[in-house]
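First the structure, which I've put down as structure tokens, then a few questions once you've had a look.
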Amino acid sequence: MGRKLDEIKRPIATELNAFEKRFRETMRSPVALMDRITYYIVRRKGKQVRPMFVFLSAKACGEINDNSYVAASLIEILHTASLVHDDVVDESYERRGFFSINALWKNKIAVLVGDYFLSKGLLVALKHKQYRILEITSTAVQALAEGELLQIEKARRLDIDEAIYFEVIRQKTASLIAASTEAGAASTTTNEATLQLMHKFGEKIGIAFQIRDDLFDFGTDDVGKPRGIDIKEKKMTLPLIHALNQADPSDRRRIIRLIKKYSDKPEKVAEVIRFVHESEGLAYAEKAMYRYRDEAFELLHQLPESPARLALEELVNYVVERKY
């Protein structure tokens, strides 16, 4: 598994602690209900992977400063807004083992909270006159929405090929990690080539991250999301796309029919999972995931050697090797 997350955080541990306090202050609201909801959100945050990417990228490209905190706040705020809105769209009542906002406070409030977070992010950037960081993060939010819509449009017909799959995940998942690494870098350097490099670096990690997520759907580990959930939601993942591409036409039709009509039946979902295993869809996807990781390393190694660069490398490995 490589080094634990706490060890990887070491070069930026002080900054992450300071960031947590700053972030809580930033999210204060005079409206009691909003304050209660944001407190609930902030308290049950995840592993802080995105702020880690921001601060490590900032440190790998220069000296962490006030703008680095603005970049990390913006990424965290926009990521949270997208999760709150996602849960409404997906009618999801749980997130990381906690009730989602829409489960506790209903859809209308969840949408308003998501909107509040989005506008809060814009205001944080404007207050500190961080226009470049605002541009980077706003572009990511636009890509998120477009990726989500592209996936919905294609899911209806289940005709996603690999090119479309990669386009969807580049926008939906990779855009925010690319924004994290680029915004971190933008807080400590104005070198355009470095910013482009860090954007591409984040994009490669984001794609590898999503493929790892796809693999969980077919695995045997308990990963906090039920096995076969992507199949139930009719999401086309890389292992499944590869398996369908390898299948003869009648098998392909049969599996697509199962997903379209019987994705709510556990025994049919198990049949699809078995089909993907037998078609070596998992091995194919894993190979692709490691390819993207290696391409990310090639980009990263263009930066000078430093403890922050080494920690970024280990964070990439953590993302790819994680068990949940």
Q | Any residue meeting side chain to side chain contact (heavy atoms under 4.5 Å, CB included) with Leu123, in chain and number order, not counting sequence neighbours | A | none

Q) Is Arg252 close to Asn245 at the side-chain level, that is, under 4.5 Å between some pair of heavy atoms? A) yes

Q. Any side-chain heavy-atom pair from Val272 and Val269 closer than 4.5 angstrom?
A. no

**Q.** Atom pair CG (Asn65) and CD (Glu15), whose distance is rounded to the nearest 0.5 Å
**A.** 10.5 Å

**Q.** Residues Asp251 and Arg254 bridged, charged N to O under 4.0 Å
**A.** yes

Q: Output yes when Glu76 and Arg22 qualify as a salt bridge under the 4.0 Å nitrogen-oxygen rule, no when they do not.
A: no

Q | Ion pair check, Glu182 and Arg132, cut-off under 4.0 Å | A | yes

Q.
Between Tyr116 and Ser29, is there a side-chain heavy-atom distance shorter than 4.5 Å?
A. yes

Q: Check whether Leu144 and Phe117 end up in the same hydrophobic cluster, where Ile, Leu, Val, Met, Phe, Trp and Tyr are linked by side-chain heavy atoms less than 4.5 Å apart.
A: no

Q) Is Gln302 atom CD crowded by more than 12 heavy atoms from other residues, nucleotides or ligands, each under 6.0 Å away? A) yes

**Q.** Pair Ile229-Asp217, side-chain contact (heavy atoms from CB on, under 4.5 Å): steps then yes or no
**A.** CA-CA 7 Å; Ile229 195 88; Asp217 207 49; 3.5 Å; yes

Q) Step by step, would you call Phe53 with Leu312 a side-chain contact (heavy atoms from CB on, under 4.5 Å)? A) CA-CA 7 Å; Phe53 272 123; Leu312 267 177; 3.7 Å; yes

Q: Indicate yes or no: does Glu7 engage Arg10 in a salt bridge with an N to O separation below 4.0 Å.
A: no

Q: Name all residues meeting the side chain to side chain contact (heavy atoms under 4.5 Å, CB included) criterion together with Gln151; count only those two or more places apart in sequence or in a different chain, and write none if there are none.
A: Glu148, Val168, Lys172, Lys235

Q. Is it true that Phe166 and Leu244 fall in one hydrophobic cluster, defined by side-chain heavy atoms closer than 4.5 Å?
A. yes

Q: Can you spot which of Phe201, Phe209, Tyr292 makes a side-chain contact (heavy atoms from CB on, under 4.5 Å) with Val316?
A: Phe201

Q: Examine distances only and state if a side-chain atom of Lys120 and a backbone atom of Thr26 form a donor-acceptor pair shorter than 3.5 Å.
A: yes

Q.
Check Asp213 with Arg322, please: is the shortest side-chain N to carboxylate O separation under 4.0 Å?
A. yes

Q: Report yes if some heavy atom in the side chain of Leu240 is under 4.5 Å from a heavy atom in the side chain of Ile259; otherwise report no.
A: yes

Q | CA sep, side-chain torsions, deciding dist, call: Lys4, Tyr318, side-chain contact (heavy atoms from CB on, under 4.5 Å) | A | CA-CA 8 Å; Lys4 295 256 184 340; Tyr318 173 85; over 6 Å; no

Q. Can you find a pair of side-chain heavy atoms, one from Gln171 and one from Gln142, that are under 4.5 Å apart?
A. no

Q.
For Glu305, I'd like to know if atom CD has over 12 heavy atoms of other residues, nucleotides or ligands within 6.0 Å.
A. no

Q: Mind listing the closest non-hydrogen atom pair of Ser175 and Ala143 along with its distance?
A: CB-CB, 3.8 Å

(Q) Please evaluate residues Leu5 and Gln48 with respect to the criterion side-chain contact (heavy atoms from CB on, under 4.5 Å), reporting the C-alpha separation (whole Å), side-chain torsions for both, the decisive distance (0.1 Å), and the verdict. (A) CA-CA 10 Å; Leu5 218 46; Gln48 284 191 303; over 6 Å; no

Q) Does Ile164 reach the side chain of Met236, with side-chain heavy atoms less than 4.5 Å apart? A) no

Q) How about Glu271: does its CD atom have over 12 heavy atoms from other parts shown lying under 6.0 Å from it? A) yes

Q: Answer whether the closest heavy-atom distance between the side chains of Thr194 and Leu303 falls below 4.5 Å.
A: yes

Q. Are Leu195 and Ile64 connected, step by step, through hydrophobic side chains (Ile, Leu, Val, Met, Phe, Trp, Tyr) whose heavy atoms are closer than 4.5 Å?
A. no

(Q) Strictly distance-based, threshold 3.5 Å: is any side-chain N or O of Ser279 a donor or acceptor partner for the main-chain N or O of Gly281? (A) no

Q) Going hydrophobic residue to hydrophobic residue with side-chain gaps under 4.5 angstrom, can you get from Ile205 over to Leu176? A) no

Q: Tell me yes or no: between the side chains of Glu313 and Asn317, is some donor less than 3.5 Å from an acceptor?
A: no

**Q.** Any donor-acceptor N or O pair under 3.5 Å, side chains Asp214, Tyr165
**A.** yes

Q. If two hydrophobic side chains count as joined below 4.5 Å and joins carry through other members, does Ile75 share a cluster with Phe55?
A. no

Q. Side chains of Leu215 and Met289: does their closest heavy-atom pair fall under 4.5 Å?
A. yes

